[in-house]
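Below is one structure, written out as structure tokens, with a few remarks after it.
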Amino acid sequence: MASNLVSMFLQQAMQSRYPSPSGPTVTPFPNFDASADAAALNNALQAKGVDEETIINILTSRSNWQRQQIAAEYQQSVGEQLTKVLKKKLSDKLETVVLGLMRTPAQFDADQLRDAIQGFGTDEDCLVEILVSRSNKEIKDIIKAYKEEFGSELEDKIKGDTSGDFQKALVALLKASRDEGCTVDHDLADNDARALYEAGERRKGTDVDTFIRILTSRNAAHMQTVFERYTKYSSHEIGKALDLELKGDIENALISLVRCIGNKPDYFAEKLYNSMKGYGTKDKVLIRIMISRSEVDMNDIKAAYKAKYGKTLYKAIKDDTKADYEKILLALCGSDE
């Protein structure tokens, strides 16, 4: 199953640009006035029963930077921290989404990673999702935010909570040393494809270090060429090779890397679909992706979702959620296109 999914992603890799609109669904609000927004939020929070609609409308139509300015203005004018008042006045999933929106992207990801590794058990999928999909700068910002928020090194915490090849892959991603250019060295691509083949299918056992080194260091355009060249050495595509050679968390990590390199919107579209399919909703996953991608590539994810499942993401969220939780997620999703 995993290999089929990767094969599909690689086939779509060169078609990863979707028709407009593309990019974020949440953009900076024109004629922004932090003082006016802070006053409006204060009125909404002090209203009898709380005016959730105004809170949702303001926070989902302002960029994260603008929300930070609103919070600073609120603190100065009201004398209280906006997040504390929001936490006191709101509840349940609406509170979770709103408080997530009030964090900077780096703080939000740091919070998610901390939740994934603290307490009983580890949320390996969360670790993988964040670390395979963020840019070098985003990862460095997350590491800094984690240290500022929790007083410890993220790498140390991940090492203390994971082991083996999975740990090696996560630590390599934390180095944030991927080439982010778009140059393809065709000789190197051929060498990389052969190295991956010799590290896996051609030998007994798997040289996972070679897979980790190549998949975490090369740029996306180069890797797409590597994936194409791989079939010159093997009768399998790279996804099938990973499926044959690996299992468990390391397989998930490397296959997720391949999928993000090939088509990131499609990767997130599937994760959103899985968060809502069947009985019950994986709210943590749904909320994390809707918040973290709303100012990045949510329109591209929506296009991928529609192409992949024949249903709009908007309709899926509407069918799977309700009340204010539904309203705020739909606002982050944007129009039903």
Side-chain angles (χ1 to χ4, degrees), residues 23-29 32 34 59-60 62-72 75 81-83 96-118 122-162 167-182 212 215-220 253 256-257 260-261 264-265 267-268 271 284-285 287-298 300-301 332:
T25 49
V26 175
T27 55
F29 190 74
F32 172 62
L59 296 183
T60 60
R62 308 300 190 266
S63 69
N64 188 274
W65 182 87
Q66 289 175 335
R67 289 181 216 122
Q68 305 310 315
Q69 306 314 301
I70 294 169
Q75 171 87 43
Q81 285 186 11
L82 177 55
T83 51
T96 302
V97 180
V98 165
L99 292 179
L101 288 171
M102 294 307 301
R103 304 291 274 161
T104 68
Q107 289 170 341
F108 180 72
D109 281 345
D111 290 343
Q112 296 293 303
L113 291 171
R114 182 172 184 259
D115 288 346
I117 55 183
Q118 75 171 359
T122 304
D123 184 350
E124 291 88 358
D125 283 343
C126 175
L127 298 179
V128 169
E129 177 198 308
I130 291 175
L131 294 180
V132 302
S133 64
R134 302 312 193 245
S135 68
N136 290 342
K137 183 182 184 305
E138 287 169 337
I139 289 173
K140 288 172 183 175
D141 287 345
I142 292 166
I143 292 169
K144 182 181 177 184
Y146 196 97
K147 181 66 178 290
E148 290 173 350
E149 293 289 317
F150 308 118
S152 55
E153 298 293 341
L154 176 57
E155 181 174 329
D156 292 342
K157 291 298 182 181
I158 285 179
K159 282 181 176 177
D161 214 56
T162 59
Q167 181 190 96
K168 287 182 186 177
L170 297 181
V171 169
L173 289 165
L174 282 172
K175 299 302 180 189
S177 57
R178 181 184 296 282
D179 169 18
E180 294 184 325
C182 56
I212 292 172
L215 288 173
T216 63
S217 63
R218 310 291 198 243
N219 72 56
S256 295
L257 258 174
C260 274
I261 289 167
K264 194 176 291 185
Y267 170 75
F268 280 113
K271 289 192 73 70
K284 277 190 175 182
V285 179
I287 291 169
R288 181 170 64 244
I289 297 174
M290 295 307 296
I291 290 176
S292 66
R293 309 314 295 183
S294 61
E295 291 186 59
V296 183
D297 54 1
M298 185 55 69
D300 302 298
I301 293 168
L332 293 173

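Geometrically, Arg62 engages Phe29 in a cation-pi contact defined by less than 6.0 Å to the ring centre and at most 45° from the axis.
A donor-acceptor pair is defined here as one N or O able to donate and one able to accept, closer than 3.5 Å; such a pair exists between the side chain of Gln167 and the backbone of Lys159. The closest donor-acceptor contact from the side chain of Thr216 to the backbone of Ala172 lies at 3.5 Å or more, if one exists at all.
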Item to check | Worked check of side-chain contact (heavy atoms from CB on, under 4.5 Å) between Leu113 and Leu154 | outcome: CA-CA 8 Å; Leu113 291 171; Leu154 176 57; 3.7 Å; yes
Item to check | Steps toward side-chain contact (heavy atoms from CB on, under 4.5 Å) verdict (Ser63, Glu295) | outcome: CA-CA 7 Å; Ser63 69; Glu295 291 186 59; 3.5 Å; yes
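For Arg178 and Glu138, the salt-bridge test fails: no basic side-chain N is under 4.0 Å from an acidic carboxylate O. Ion pair Lys137/Glu180 not flagged as a salt bridge, since none of the NZ, NE, NH1 or NH2 atoms sits closer than 4.0 Å to an Asp/Glu carboxylate oxygen.
Here the closest non-hydrogen pair linking Thr96 and Ile287 is CG2-CD1, 4.0 Å. In this structure, Leu173 and Ile139 approach most closely via the heavy-atom pair O-CD1, 3.4 Å. Considering all non-hydrogen atoms of both residues, Asp300 and Gly23 come closest at OD2-N, 2.9 Å. Nearest approach of Lys264 to Ser133, heavy atoms of both residues: NZ-O, 2.8 Å. Scanning all heavy atoms of the two residues, the minimum distance from Leu101 to Asn64 falls at O-ND2, 3.3 Å. Between Ile291 and Ser294, the closest heavy-atom pair is O-OG, 3.0 Å.
Under the 4.5 Å side-chain criterion, counting only non-hydrogen atoms from C-beta, Asp141 is not in contact with Thr104. Pro28 places a side-chain heavy atom less than 4.5 Å from the side chain of Gln66. The side-chain heavy atoms of Gln107 and Tyr146, taken from C-beta on, include no pair separated by under 4.5 Å. Residues Glu149 and Arg103 form a side-chain contact, since some pair of their non-hydrogen atoms from C-beta on lies under 4.5 Å apart. The shortest side-chain heavy-atom distance between Val296 and Pro24 does not fall under the 4.5 Å cut-off. Annotation: side chain of Lys175 is in contact with side chain of Glu155 (closest heavy-atom distance under 4.5 Å). Residues Ser292 and Arg134 are in side-chain contact: their nearest non-hydrogen atoms beyond the backbone lie under 4.5 Å apart. Residues Arg218 and Asp179 fail the side-chain proximity criterion, which asks for heavy atoms closer than 4.5 Å.
Leu174 contributes atom CG, which lies 10.5 Å from atom CD of Glu153 (distance to the nearest 0.5 angstrom). For the atom pair CE (Met102) and CG (Leu82), the distance works out to 4.5 Å, reported to the nearest 0.5 Å. In this structure, the separation between CG on Leu257 and CD1 on Ile212 is 9.5 Å, given to the nearest 0.5 Å. If you take CG on Leu131 and CG on Leu170, they are separated by 6.0 Å, rounding to the nearest 0.5 Å. The CD1 atom of Ile289 sits 7.5 Å away from the CE atom of Met298 when rounded to the nearest 0.5 Å. Atom CG in Asp125 sits 8.0 Å away from atom CZ in Arg288 (nearest 0.5 Å).
Evaluated for a side-chain contact (heavy atoms from CB on, under 4.5 Å) with Phe150, the options Arg114, Gln118, Lys157 yield exactly one hit, Arg114.
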